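Per chain, numbering begins at 1; letters A, B, ... match sequence-line order. Owing to the predicted nature of the structure, the values given are computational and were not obtained by experimental measurement.
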Protein chains: 2
Amino acid sequence: MNSQDVILGVLMKRKLSGYDIKQLFETIFSYFYNASFGTIYPTLAKMEKEGLISKESIIQEGKPNKNVFTITEEGKRRFAAYIASPITPNELKSDFMMRMFFGEYTEADQIKEWLELGIQEQEAELHKLREDYKRYKPGMSVTQEICIRIGLAQVEATLLSLQEGYKRVLAKEADNQ
Amino acid sequence: MNSQDVILGVLMKRKLSGYDIKQLFETIFSYFYNASFGTIYPTLAKMEKEGLISKESIIQEGKPNKNVFTITEEGKRRFAAYIASPITPNELKSDFMMRMFFGEYTEADQIKEWLELGIQEQEAELHKLREDYKRYKPGMSVTQEICIRIGLAQVEATLLSLQEGYKRVLAKEADNQ
DNA sequence: CCAGACATGTAAACAGTTACATGATTAG
DNA sequence: CTAATCATGTAACTGTTTACATGTCTGG
């Protein structure tokens with residue numbers, strides 16, 4: 001799975017601009033995928049050159065013009081090839097967990113600060129996902145619900161672990177005094 | 001956080017070869033970080049040139065020679081700088097969740113197959129993490145326990161969601177017939 | 001006899017980010 | 001007047017993977 005596959009996927013239903021695609025990445029895909037404009041625009045250009053998508057320029061008033069892309073038959077075949085290909089393993093890079101792993105090389109105050117920040121972030125993420133789920137639920141397919149429920153369950157589990165970890169750090173501190 | 005930071009971290013306690021580091025990546029770090037030999041060896045070479053680590057060649061019998069690296073004072077300062085830098089956000093790329101998101105473009109049998117595979121993988125991962133936790137628990141720091149408990153909680157949550165999702169897919173199938 | 005562990009390294013390719021450049025409109 | 005939103009694009013850089021190259025020893 002790379003950005004091209006994801007772009008083909010989002011274009012299956014409706015035509016979109018690069019800007020629109022970035023919006024999707026930052027909202028509904030945020031908890032399992034992301035890509036920057038620096039990836040999106042060159043990828044769209046390459047895909048158009050290869051005939052996977054076609055461009056349509058929309059002249060707008062008061063706003064910059066838009067380049068809207070539609071998937072071609074060739075693009076649909078390419079998307080089907082992605083779907084038929086083996087699933088690649090999840091890739092996670094967690095700086096937060098790395099800090100926890102190397103926690104012995106820093107002060108207890110630093111650890112507490114990291115945990116507090118981590119808890120805040122997961123709380124915000126949980127709130128966002130719950131809002132998204134409520135908002136998009138009516139139009140969601142069964143598998144899209146599976147997807148967001150996995151995301152939700154992961155964030156809930158992480159948050160609980162962090163809160164429990166925070167308590168353990170506090171308990172250990174009290175113990176050492 | 002990049003490979004260099006992680007390598008500095010693992011060298012804080014003991015000297016290691018590139019091969020040893022790869023072993024660590026595939027065992028204790030597997031659930032939140034990974035890097036290939038193609039990253040590890042060139043990174044070690046670059047770090048030695050910059051004076052962050054020093055090389056020592058160990059001649060072995062019956063096995064290829066080893067290049068064992070030790071962190072320098074400069075390396076320790078660099079590691080401290082990483083620890084003092086802001087935490088970067090988690091990065092997750094999940095092809096599995098992408099397939100679920102685009103599930104409407106494939107057959108129910110395909111979805112079931114993906115879910116079965118996903119469940120198997122998470123069960124295997126859960127088993128591995130539980131074994132690791134049991135094995136390494138005695139020597140683990142509080143924060144290392146926090147780290148593995150997050151990993152464990154995430155896998156458990158994912159597995160439950162997958163199992164629940166699988167049931168939902170089966171129920172929907174029965175419903176449509 | 002063959003697979004897998006042990007061990008290092010390089011080159012080509014790929015994917016992706018960050019920062020920059022441009023510029024109008026709108027809301028506070 | 002300032003920040004945010006809308007909108008596209010490029011160039012330099014970074015990081016990383018994949019595949020190749022090499023070779024011994026051990027266990028089944």
Side-chain angles (χ1 to χ4, degrees), chain A residues 1-8 15-27 29-30 32-50 53 55-69 82 85-86 88-95 98, chain B residues 1-8 15-27 29-30 32-50 53 55-69 82 85-86 88-95 98:
Chain A
M1 176 197 55
N2 55 25
S3 293
Q4 178 170 307
D5 298 324
V6 182
I7 291 172
L8 287 171
K15 48 188 183 177
L16 295 166
S17 68
Y19 195 84
D20 296 334
I21 292 169
K22 178 64 178 160
Q23 305 273 292
L24 293 180
F25 284 1
E26 284 187 346
T27 54
F29 286 162
S30 63
F32 63 97
Y33 195 78
N34 203 15
S36 66
F37 282 125
T39 299
I40 295 167
Y41 288 121
T43 303
L44 285 168
K46 192 195 122 221
M47 288 165 78
E48 199 209 350
K49 212 163 64 182
E50 286 178 20
I53 57 178
K55 183 160 81 177
E56 187 189 343
S57 285
I58 310 276
I59 289 117
Q60 297 185 123
E61 278 169 51
K63 284 182 191 178
N65 293 343
K66 249 188 181 189
N67 293 330
V68 172
F69 296 90
Y82 156 62
S85 73
T88 58
N90 286 346
E91 274 168 65
L92 172 63
K93 296 222 160 148
S94 173
D95 191 13
M98 198 59 80
Chain B
M1 177 198 55
N2 55 25
S3 292
Q4 179 170 306
D5 298 324
V6 181
I7 290 173
L8 287 172
K15 48 187 184 176
L16 295 166
S17 68
Y19 195 85
D20 295 334
I21 293 169
K22 179 63 178 161
Q23 304 271 292
L24 293 180
F25 285 1
E26 285 187 345
T27 54
F29 287 163
S30 63
F32 63 96
Y33 194 79
N34 203 15
S36 65
F37 281 125
T39 299
I40 295 167
Y41 287 121
T43 303
L44 285 169
K46 193 194 122 222
M47 289 165 79
E48 198 209 349
K49 212 163 65 185
E50 286 177 21
I53 56 178
K55 183 160 81 176
E56 187 191 340
S57 285
I58 309 276
I59 290 118
Q60 298 186 122
E61 276 170 51
K63 285 181 188 177
N65 294 342
K66 249 189 180 185
N67 293 329
V68 172
F69 296 90
Y82 156 62
S85 73
T88 57
N90 286 347
E91 275 168 62
L92 173 63
K93 297 224 158 145
S94 174
D95 190 14
M98 197 59 81

With a 4.0 Å cut-off on heavy atoms, is B/Gly38 in touch with a base, just the backbone sugar-phosphate, or nothing at all?
base
In terms of heavy-atom contacts, B/Leu44 and B/Ile53 come closest through O-CD1, 3.5 Å
As a test of reading the structure: which of D/dT16, D/dC6, C/dT8 is closest to the side chain of B/Phe37, going by heavy atoms?
C/dT8
Side chain of B/Tyr19: nearest nucleotide among D/dT16, D/dT10, C/dA7?
C/dA7
Which word best sums up how the rings of B/Phe25 and B/Tyr33 line up, parallel for under 30°, tilted for 30 to 60°, or perpendicular for over 60°?
perpendicular
So, is B/Asn65 close to the C/dA7 phosphate, meaning a side-chain N or O under 4.0 Å from OP1 or OP2?
no
Just how far, in rounded Å, is P of D/dC6 from NZ of A/Lys66?
9 Å
A/Glu91 has an atom CD; how far is it from atom P of C/dC14, in whole Å?
17 Å
Under 3.5 Å, is there a donor-acceptor pair between the B/Ser57 and B/Asn65 side chains?
no
Just to confirm, is there a sub-4.0 Å distance from OP1 or OP2 of C/dA11 to any side-chain nitrogen or oxygen of B/Tyr41?
no
What is the distance from CD1 of A/Ile58 to P of D/dA7, rounded to the nearest Å?
11 Å
Atom pair distance, as rounded to whole Å: CD1 in B/Ile21 and C1' in D/dT16:
16 Å
With no hydrogens and no angle check, just 3.5 Å: does a side-chain donor-acceptor pair link B/Asp95 and A/Tyr82?
yes
Think B/Thr39 has a side-chain N or O under 4.0 angstrom from the OP1 or OP2 of D/dT17?
yes
Selected nucleotide, minimal atom distance to A/Ser36 side chain, candidates C/dA7, C/dG16, C/dT17
C/dT17
Quick one: label A/Ala45 by what it contacts on the DNA or RNA (base, sugar-phosphate, nothing), any heavy atom closer than 4.0 Å.
nothing
Using whole Å, what does the distance between atom C1' of nucleotide D/dG15 and atom CE of B/Met1 come to?
12 Å
Nearest to the side chain of B/Ser3 - C/dT17, C/dG9, D/dT16?
D/dT16
Using atom CG of A/Asn34 as one end and atom C1' of C/dG16 as the other, report the distance to the nearest whole Å.
11 Å
Length of the NZ-C1' vector between B/Lys46 and C/dG9, whole Å:
17 Å
Under a 3.5 Å threshold, yes or no: a donor from one side chain and an acceptor from the other, between A/Asn90 and B/Ser94?
yes
If you measure from the Lys or Arg side-chain nitrogens to the Asp or Glu carboxylate oxygens, is any gap between A/Lys66 and A/Asp20 under 4.0 Å?
yes
Side chain of B/Asn2: nearest nucleotide among D/dG15, C/dT8, C/dT17?
D/dG15
Does B/Lys93 put a side-chain nitrogen or oxygen below 4.0 Å from OP1 or OP2 of C/dA15?
no
Write down the distance between CD (B/Glu26) and C1' (C/dA5), rounded to a whole number of angstrom.
12 Å
Using a 4.0 Å heavy-atom cut-off, does B/Phe25 contact any base of the nucleic acid, only the sugar-phosphate backbone, or nothing at all?
nothing
With a cut-off of less than 4.0 Å, is there a side-chain N or O of A/Thr43 near OP1 or OP2 of C/dA15?
no
